[in-house]
There are 2 protein chains.
Amino acid sequence: MSIGELIGGRDGLRIPDPRQTSVSVHTYLRDLIISGDLPPGTQLKQAELARVLAVSRTPLREAFRMLQEEGLISAEPNQRSRVVGLDAEELDSLYAARVTLESLGARLTAGKLSREELRSATAAFREMERTYKAGDMASWTVAHRSFHRLLVGRCGATVLRTINSYAQQSERYVRIDQNQHGNDFSSRQAEHQAIFEAVRDGDGGAAVAAMANHLAGTARRVVDGLSNRAPGHGTPCVDAALSLLLNGCSTT
Amino acid sequence: MSIGELIGGRDGLRIPDPRQTSVSVHTYLRDLIISGDLPPGTQLKQAELARVLAVSRTPLREAFRMLQEEGLISAEPNQRSRVVGLDAEELDSLYAARVTLESLGARLTAGKLSREELRSATAAFREMERTYKAGDMASWTVAHRSFHRLLVGRCGATVLRTINSYAQQSERYVRIDQNQHGNDFSSRQAEHQAIFEAVRDGDGGAAVAAMANHLAGTARRVVDGLSNRAPGHGTPCVDAALSLLLNGCSTT
DNA sequence: TCACCCATAACTGTATCCACTCTGGAGGTG
DNA sequence: CACCTCCAGAGTGGATACAGTTATGGGTGA
């Protein structure tokens, strides 16, 4: 399957600022990978992509380097880059780190959000309900992303970047989750509400517990879904992280 | 201060594989930044750097994009890139994440190292003692890095990449720590030993406790050292992370 | 002394060229 | 028929030149 065919139905590349074409290309390709339009294993040929996107190879190669640094594509010398896929094991450890980091982020953020930020979080929460009921999952994803980002907003720029990167990585597989378990929305929304209230009220412990349980639940469903086609092996890493966050290191 | 002068005393750029000049340039520049030879705020001019390193701008710009993705340099359109510096607050949150992630890594690795890996860790441990007594801090850093990496070796490729990135970021500031507190080597080495034994014996809880305490101690010294020139504000993020790892989320 | 302006320098993107490497198929060999 | 070798074409990586745009810094005038 050629790249031109794969992205044929999508919106084309937008370059709002011609001074940073490589950034636009990077964002565009990242979205293609995260959305699943470029499935794992897809070969990315520089010349073909440059022709399809109507940019030269120079900014394209810079975008490749950024994607490579994020772990989304592979890059071996003189070999075509490929979209990287995660197996169940890797996804388990990724989610374990995500559970841990976002829980820490929620704890560091608890009680520190401004009135303005709290209002934004509430708005995102309501937007999630609205878009879900309307079946507009694309907008739901945007609101969901914004909601989670606000609730870990005080953990420093570097850590925030990592959390975003992990969220993007795992978002590729959440799509599976959404399709398979589309009807337990209300319980997930209740989890979101619990996180929000704990962070709003400055209860760091509750924020950690709520965030950890929420993400661990997602992780279990996603990894299970991925394992349907392969031998399932559970989520040992996520379980370890969850136990660590809830009970501390005393319980081995 | 020009770049030529800053790196004049150092070894030049080595390009072992001419097929990946950009990777060599990336590694070289990263080392320069981490070592402090390029202090925060240093302007990086593409043309000048390309001339000094005897490479063209193409691989140089790819290296810049990778450094930017790692948060080591800033990149605004049509502006010179600058080496990014961390303030005490950002360093605190970075270390909080590092404490959390590496403790998780140690837990996931506990009891899973092969005999070969355990031997390598022991060798690195002894090398740290030898090089420290010999005053060869460059070699000590290499051994120390290797030691820490081995003890979190089973936490998945993505997380391992993050841990490495964080370690590099903070390594820039540990140098200060080494100079100021060079004489408590024995206690730090005891901490290293405690981590090693817990991981070797498969005691996940002890591994977490040992790793968390070790890194938190380093964090406090480093942040304190950084705050000498600025108003000190302690390490609230690291303290929160440490409490979370040791006691779980029940204690707020 | 300070504010402003302009020439210079620097960055970005594009295009093109060349060297090197890898891939995949044709053809030969056992 | 399976396997190997070899080679042409495709692909990547790097160097260089050029155009357009912007920041910078020093000189000038108030």
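Chain letters run A, B, ... following the sequence lines, proteins first, then strands; residues in each count from 1.
By the side-chain contact (heavy atoms from CB on, under 4.5 Å) test, A:Val83 is found to be paired with A:Ile33, A:Leu38, A:Thr42, A:Leu44, A:Arg172, residues two or more places apart in sequence or in another chain being considered. In this view, B:Glu117 and B:Arg154 satisfy the salt bridge (charged side-chain N to carboxylate O under 4.0 Å, His left out) rule, not counting sequence neighbours. By the ring-ring contact (aromatic ring centres under 6.0 Å, His included) test, B:His26 is found to be paired with no residue, residues two or more places apart in sequence or in another chain being considered. Legend: residues meeting side chain to side chain donor-acceptor pair (under 3.5 Å) with B:Glu116, ordered by chain and number and at least two apart, are B:Arg119. With sequence neighbours excluded, the residues forming a side chain to side chain donor-acceptor pair (under 3.5 Å) with B:Arg80 are B:Gln43, listed by chain and number. With sequence neighbours excluded, no residue forms a salt bridge (charged side-chain N to carboxylate O under 4.0 Å, His left out) with B:Arg126. With sequence neighbours excluded, no residue satisfies salt bridge (charged side-chain N to carboxylate O under 4.0 Å, His left out) with B:Arg51. Under the side-chain contact (heavy atoms from CB on, under 4.5 Å) criterion, A:Ser93 pairs with A:Glu90, A:Cys237, not counting sequence neighbours. Annotation: ring-ring contact (aromatic ring centres under 6.0 Å, His included) contacts of A:Tyr166 (sequence neighbours excluded): none.
A straight line from CG of B:Leu44 to P of C:dT12 spans 11 Å, rounded to a whole angstrom. Atom CG of A:Leu60 and atom P of C:dT12 are 17 Å apart (whole Å). Put simply, CD1 on B:Ile73 is 11 Å from P on C:dC11, counting in whole angstrom units.
Remark: the B:Arg14 side chain and the B:Ser24 side chain contain no N/O donor-acceptor pair separated by less than 3.5 Å.
When DNA chain D is scanned in the 5' to 3' direction for atoms under 4.0 Å from non-hydrogen atoms of chain B, the outermost contacting nucleotides are D:dG13 to D:dT24.
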Determine, for nucleotides 13-24 of chain C in 5'-to-3' order, which nucleotides have protein heavy atoms under 4.0 Å from the base (write B), from only the sugar-phosphate (write S), or from neither (write -). BBS-----SSS-
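Defining each end axis of the helix from C:dT1-D:dA30 to C:dG30-D:dC1 as the rotation carrying four pairs' C1' atoms onto the next four, with five pairs an end, the two axes are found to diverge by 20° to 10 degrees.
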